[in-house]
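For reference, the structure discussed in these notes is given below.
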Amino acid sequence: MKIATFNINGIKARIGALTDWLSEAQPDVAVLQEIKSVDEGFPREMFEDMGYQVETHGQKSFNGVAILSKLPLEDVRRGLPGDAGDEQARFIEATVCGEVPVRIFGLYLPNGNPAPGPKYDYKLAWMARLEDHVRAALALEEPLVVCGDYNIIPQPEDAARPDAWRKDALFLPASREAFRRIVALGLTDAFRATHPHMPPSPPPQQFSFWDYQAGAWNRNDGIRIDHLLLSPQAADLLRLCEIDSDVRGREKPSDHVPVWIDLAA
DNA sequence: ATGCCCATTTGCAATGGA
């Protein structure tokens, strides 16, 4: 089962790039962030015609998440529990009914800049809610994939220029601590698990985001902020995790690229 | 040190992104 996460930065602007990538990559499940569309505005028929079931949780102009799946989806839920007053569309979950059922959490974690400030407080509060929700899901001891745009640079090796991010909400110590607390519940970073750091020959750096500005892509000035975290039962099925970096060099690209796993399920 | 670019908006300048 191939499961991909992809921040598309606007569905209207990305219809061509997304359908091209889906056609060639053929993921069973595509978890999307920043659709920047209300549910009624999402071109669902286009993806249904490609064989996908389409579940969206959108809002006007900003944010918005979706799950496209070639396998049946069950128990679709929208919104991150823990704050009934939170109106930002940043979370969707569903169970993919393959040979082995896999629960998928699709998230678009708040950016949090500028830090400190109310936006940063919202980011940390959102992460605390995510931690609670993941803890409860892990208690079921089933295959679970918690994936999306985390807006977190976990380690210095996940940025081309880590010093440039020291005071940014994506790399502040409190942000990374909150991320580590979630991982420490018992999740495995699929990319790190399949691309282990083995000094003195570390693997080449790979990123999932390059800013549109200042020729970041051409200079490979990127960061790795899109992650797939796996429960132990999902990690047991992990075969492969790769980043489709070449997508960033195409026409009208998103500033993020797809990251995907292959599970033996 | 600052801005660079891109997407969206009951749009034509402002906001959010990271």
Side-chain angles (χ1 to χ4, degrees), chain A residues 5-21 32-43 56-66 86-91 106-127 130 147-176 178-179 191 205-227 243 245 247-259:
Chain A
T5 178
F6 190 5
N7 179 322
I8 57 173
N9 188 18
I11 185 60
K12 294 181 193 71
R14 218 63 63 211
I15 287 176
L18 178 57
T19 52
D20 285 354
W21 170 76
L32 308 178
Q33 301 86 39
E34 282 207 271
I35 64 173
K36 294 187 177 181
S37 163
V38 293
D39 295 334
E40 310 80 66
F42 192 89
T56 61
H57 180 42
Q59 79 179 75
K60 193 179 184 63
S61 307
F62 302 116
N63 306 323
V65 288
D86 184 0
E87 299 193 345
Q88 298 194 31
R90 295 179 175 274
F91 190 87
L107 62 94
Y108 174 46
L109 210 146
N111 172 309
N113 282 305
K119 291 189 174 180
Y120 192 60
D121 295 341
Y122 175 66
K123 178 178 193 146
L124 294 182
W126 203 95
M127 293 183 82
L130 178 63
C147 66
D149 176 359
Y150 280 76
N151 271 314
I152 293 284
I153 303 166
Q155 300 290 340
E157 59 262 38
D158 297 313
R161 296 183 303 123
D163 285 338
W165 298 93
R166 294 280 173 201
K167 294 179 178 175
D168 193 283
L170 279 65
F171 196 53
L172 280 175
S175 307
R176 296 168 57 197
F179 180 78
F191 183 82
Q205 284 182 300
Q206 285 188 262
F207 307 120
S208 67
F209 169 91
W210 296 260
D211 201 291
Y212 288 121
Q213 303 181 74
W217 164 247
N218 290 322
R219 296 187 292 113
N220 196 27
D221 181 11
I223 51 179
R224 192 175 71 92
I225 57 175
D226 299 272
H227 308 296
I243 302 179
S245 312
V247 169
R248 185 64 178 79
R250 300 181 184 180
E251 289 295 304
K252 270 184 81 72
S254 170
D255 39 9
H256 297 249
V257 296
V259 185

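Quick note on labels: first sequence line is chain A, next is B, and so on, each numbered from 1.
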ask   = OP1, OP2 of dA18(B) versus side-chain N and O of His256(A): anything below 4.0 Å?
value = yes
task: Just call it for Tyr108(A): base, sugar-phosphate, or nothing, with non-hydrogen atoms closer than 4.0 Å on any strand.
output: sugar-phosphate
For nucleotides 11-16 of chain B, 5' to 3', base contacts (B), sugar-phosphate-only contacts (S) and non-contacts (-) with protein non-hydrogen atoms under 4.0 Å give -----S
Check your understanding: Is there a donor-acceptor pair closer than 3.5 Å between any side-chain N or O of Tyr212(A) and the backbone N or O of Asp255(A)?
Key -> yes
Closest to the side chain of Asn113(A), out of dT8(B), dA18(B), dA7(B), is dA18(B)
| query | On a plain distance test, is the side chain of Asp168(A) in donor-acceptor contact with the base of dA18(B) below 3.5 Å? | reply | no
Practice problem: Indicate, with a heavy-atom threshold strictly under 4.0 Å, whether Asn151(A) touches base, sugar-phosphate, or nothing. | Solution: sugar-phosphate
### Query
At under 4.0 Å between heavy atoms, what does Asp149(A) touch on the DNA or RNA strands: base, sugar-phosphate, or nothing?
sugar-phosphate
What's Lys123(A) touching, base or sugar-phosphate or nothing? Going by heavy atoms closer than 4.0 Å. nothing
Review point. Can a side chain N or O of Arg14(A) be found less than 4.0 Å away from OP1 or OP2 on dC6(B)?
Key: no
For His227(A), the ring-ring contact (aromatic ring centres under 6.0 Å, His included) test, sequence neighbours excluded, returns Tyr150(A), Phe179(A)
* For Arg90(A), answer base if it contacts any base atom (sugar-phosphate contacts may also be present), sugar-phosphate if it contacts only those atoms, and nothing otherwise; contact means non-hydrogen atoms under 4.0 Å. => sugar-phosphate
Which is true for Asn7(A) with a 4.0 Å heavy-atom rule: it touches a base, it touches only sugar-phosphate, or it touches nothing? sugar-phosphate
